[in-house]
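In what follows, a single structure is set out as C-alpha cells and then discussed.
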Amino acid sequence: MAMAARSAGAAARPTLPVMRTVADLRRAVAAWRAAGQTVGLVPTMGALHAGHLALVRRAQADCDRTIVTLFVNPTQFGAGEDFAAYPRDEAEDGTKLAAVGADLLFAPEVAEMYPDGFATTVTVAGLTDGLCGPARPGHFAGVATVVTKLLLQSLPDAAYFGEKDYQQLLVIRRLARDLDIPVRIEGVPTVRDADGLALSSRNRYLSAGERAAAVALPMILRHVAERLADPTRVVADETARARDALLQAGFTRIDYVEVCDAETLEPLAHVTRPARVLAAAWLGSTRLIDNMPVSSA
Ligand code: PAF
C-alpha cells in the first residue's frame, strides 16, 4: 500500500537517451528528419553550467529537436594544459540536460571520434593567427577538427556556440562556410554571474581569493569598451591601461588585451567599425578569457 502510494505520487523523471556511436546518432537524426523535424546541435565538453543551458534553450526555441554533445576533446588541449584534470561528470550533466528537456546526449569515446589511423586535421588560417592562437598552439586545429566531425556526424540545421569563446565562434563560422557544411552557426550571448564574471567550466579551479579578483576582468573590459566608443581614443593607450589594471587587481599574467574587428579579428588602432575587446589573463594556474562588443558612436 505504502509502495503503491509512493509510486503513484512520484513524478516521472525526465529521461535523456545517451548515444555513444556515430551510427546510433545518425539513426536518431534520420528518424527525426523522416518526421519532418529540424535539429539543433549544442557541442560541449561537459561540466555544464547555465551558459551551456542557455545554448540548449536557444536551440530548443529554434529547432524541433536538440542534440547536446559531450566530448572532452583531447586534440584541443596542449601539453601541460588541463586535459586530465578537466571536470567530468556525465551523470550530473545528464540530469541537467534531462531537466531542460534536451532530446539526446551524444557522448562518444575517444576511439569513436579518433579511430586508429585518424590522420585529418582542419585548420582555419588567419582568424587563428592572433589572440588565443599563439598562446595555445594546435588548440584551434583541435576545435575545428572535432566540430567539423560533430557537424558532419549529426548534420543539424543549426549549431550553437557561446560568444564567450568569441574567436572559436568565428573560426567555426568560417570552417562551416569554407567547407560548405549546410548549417547555421549561431552565437549566443555570454551568461555571467551576478557580479559580471563570465560563466566558465574553469571558474571552479579558482580559489576564493582568485574568484574575488576575477571580477576585475569583465569590469576592466567594460570600461575599455565604453571609452573606445569614442573613435578619437587610441586603442593602444586603453589596452595598456587595462593590462596595468588587471595586474593591480591580482592577475598574475596577461596573454593579451586587444581590440579587434568584430568579423575579421584584425587588430584596430581606433574603433571606427564594429569591434570587440578581448582578453586572456591568468589568476595563478587558471587562464580566464572574456570579451565584449565595442560600438563606435
Ligand atoms: O567550447 C567548447 O566547449 C569546445 O571547444 C567545443 C566547441 C565543444 C569543441 O570541443
Side-chain angles (χ1 to χ4, degrees), residues 19 22 25 40-56 58-59 66-78 81-90 92-94 96-97 102 104-114 118 120-124 127-128 131-133 135-154 156 158-176 179 181 183-191 198-205 278 280 286-291:
M19 290 179 187
V22 176
L25 173 68
L41 182 76
V42 179
T44 82
M45 297 203 302
L48 302 181
H49 51 63
H52 297 108
L53 300 182
L55 302 180
V56 175
R58 175 68 195 284
T66 299
I67 302 169
V68 179
T69 72
L70 191 176
F71 181 64
V72 184
N73 174 34
T75 67
Q76 70 186 76
F77 290 80
E81 291 191 349
D82 56 344
F83 174 66
Y86 200 83
R88 291 165 171 85
D89 191 339
E90 184 181 313
E92 193 183 318
D93 289 340
K96 289 178 184 167
L97 292 172
L104 192 162
L105 178 63
F106 178 53
E109 298 294 336
V110 172
E112 180 72 6
M113 294 298 277
Y114 300 115
F118 187 89
T120 302
T121 302
V122 177
T123 58
V124 177
L127 281 174
T128 59
L131 303 172
C132 287
R136 303 190 67 191
H139 169 70
F140 286 116
V143 170
T145 303
V146 81
V147 171
T148 301
K149 285 176 65 73
L150 293 167
L151 293 175
L152 294 175
Q153 288 162 353
S154 52
Y160 298 83
F161 299 88
E163 285 184 351
K164 180 183 158 276
D165 296 291
Y166 192 76
Q167 189 176 15
Q168 167 174 284
L169 170 63
L170 294 191
V171 166
I172 292 166
R173 235 180 226 147
R174 182 67 62 86
L175 76 82
L179 299 178
I181 304 178
V183 60
R184 285 191 329 271
I185 302 298
E186 301 283 5
V188 176
T190 303
V191 178
L199 297 191
S200 163
S201 307
R202 291 185 168 108
N203 289 353
R204 66 182 73 190
Y205 298 156
L278 309 101
T286 306
R287 184 176 187 269
L288 299 181
I289 61 171
D290 200 353
N291 70 87

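We count ligands from 1, going down the list as the structure has it; atoms in each ligand are counted the same way.
For the atom pair CE of Met19 and OG1 of Thr69, the computed distance is 14.0 Å after rounding to the nearest 0.5 Å. Summarising the geometry, atom CG belonging to Leu170 is positioned 11.5 Å from atom CG belonging to Leu175; distances are rounded to the nearest 0.5 Å. With rounding to the nearest 0.5 angstrom, the CD1 atom of Ile172 is 9.0 Å from the CZ atom of Phe140.
No side-chain heavy atom of Thr120 sits less than 4.5 Å from a side-chain heavy atom of Thr145.
Neither the backbone nor the side chain of Thr69 has a heavy atom within less than 4.0 Å of ligand 1.
If you number the atoms of ligand 1 from 1 as listed, the ones under 4.0 Å from a heavy atom of Pro43 come out as 8 (C). Interface atoms of ligand 1 facing Val146, defined by a heavy-atom separation under 4.0 Å, are 9 (C), 10 (O).
At the top of the distance list for atom 1 (O) of ligand 1, counting protein heavy atoms only, stands Gln168 NE2, 2.8 Å.
Using modelled atom types and a 3.5 Å distance limit, the side chains of Asn73 and Tyr86 yield no donor-acceptor pair.
Of the N or O atoms in Gln76, one or more lie within a sub-3.5 Å distance of an N or O in ligand 1.
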